[in-house]
Visitor: 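Submitted below is the structure of interest, expressed as structure tokens.
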Amino acid sequence: MARRLTPLPAAEFADLCERLDAGTADRSDLKAAVKHLLALLVQRAPGTSVEVRVPPFAAVQCIEGARHTRGTPPAVVEMDAATWIALARGRIAWADAQVRASGERSDLSPYLPLT
């Protein structure tokens, strides 16, 4: 069974955002931010019909719908860490983001921003 992601404490995420905004974030900060924001997405839109991938840091399944157990899910959304963080924080709109999305329910705009 896959390990569940857990959101960071609010103060820790605020410190992380300060480093992101200042341009001083390192790889571990990006990883922590990606995982935190994906955990929030799963809380907001639980389910298994869409897989959101932010390589190389994490992937989650979310949004109600058809359940799959093997192989590629019916909908996949993939993007880099900077794009995911910007989308989840409301820095860019879904329509303006460069993402690879396919399948039903792959538009995450109803769930964003997360913070």
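Bear in mind the structure is a predicted one, so any value in this text is a computation, not a measurement. Reckoned from all heavy atoms, side chains included, excluding hydrogens, waters and symmetry mates.
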Visitor: Considering all heavy atoms of both residues, which atom of Ala101 and which atom of Trp94 are nearest to each other, and what is their separation?
Guide: CB-CZ2, 4.5 Å
Visitor: Mark yes or no for whether Arg53, through its side chain, and Ala59, through its backbone, hold a donor-acceptor pair below 3.5 Å.
Guide: no
Visitor: Quick one: do Val76 and Val34 end up in the same hydrophobic cluster if we chain Ile, Leu, Val, Met, Phe, Trp and Tyr together by side-chain heavy atoms under 4.5 Å apart?
Guide: no
Visitor: Give, for atom CG of Leu38 and atom CH2 of Trp84, the distance between the pair rounded to the nearest 0.5 Å.
Guide: 5.0 Å
Visitor: Sequence neighbours left out, what passes side chain to side chain donor-acceptor pair (under 3.5 Å) with Thr6? Give chain and number order.
Guide: none
Visitor: By side chain to side chain donor-acceptor pair (under 3.5 Å), which residues pair with Thr115, not counting sequence neighbours?
Guide: none
Visitor: Any heavy-atom pair between the side chains of Thr83 and Val54 that's under 4.5 Å?
Guide: no
Visitor: For Arg27, give me all partners under side chain to side chain donor-acceptor pair (under 3.5 Å), at least two apart in sequence or on another chain.
Guide: none
Visitor: Which salt bridge (Lys or Arg N to Asp or Glu O under 4.0 Å) pairs, counting each pair once, include a residue from residues 101-115, with sequence neighbours left out?
Guide: none
Visitor: Mind listing the side-chain donor-acceptor pairs of residues 9-20 below 3.5 Å, one per line with the distance, residues two or more places apart or on another chain?
Guide:
from: Arg19; atom 1: NE; to: Asp29; atom 2: OD1; distance (Å): 3.3
from: Arg19; atom 1: NE; to: Asp29; atom 2: OD2; distance (Å): 3.0
from: Arg19; atom 1: NH2; to: Asp29; atom 2: OD1; distance (Å): 3.0

Visitor: Is there a side-chain contact between Val99 and Glu78 (heavy atoms, below 4.5 Å)?
Guide: no
Visitor: Drop me the distance from Leu114's CG to Arg89's CZ, to the nearest 0.5 angstrom.
Guide: 11.5 Å
Visitor: Does Asp26 have any side chain to side chain donor-acceptor pair (under 3.5 Å) partners at least two apart in sequence or in another chain, and if so, which?
Guide: Ser28
Visitor: Between Ile85 and Leu87, is any pair of side-chain heavy atoms under 4.5 Å apart?
Guide: no
Visitor: Which pair of heavy atoms, one from Ala45 and one from Cys62, lies closest together, and at what distance?
Guide: O-CB, 3.1 Å
Visitor: Salt-bridge test for Asp80 and Arg100: reply yes if a basic N is under 4.0 Å from a carboxylate O, no otherwise.
Guide: no
Visitor: State, to 0.1 Å, how close Lys35 and Phe57 come at their nearest heavy-atom pair, and which atoms those are.
Guide: CE-O, 3.4 Å
Visitor: Are any of the side-chain nitrogens in Arg91 or Asp96 under 4.0 Å away from the carboxylate oxygens of its partner?
Guide: no
Visitor: If I compare all heavy atoms of Glu64 with all of Ser49, which pair ends up nearest, and what's the gap?
Guide: O-OG, 3.2 Å
Visitor: Taking all heavy atoms of Ala58 and all of Leu5, pick out the closest pair and write down the distance.
Guide: CB-CD1, 4.3 Å
Visitor: Would the distance check show the side chain of His36 and the main-chain N or O of Leu8 forming a donor-acceptor pair, the cut-off being under 3.5 Å?
Guide: yes
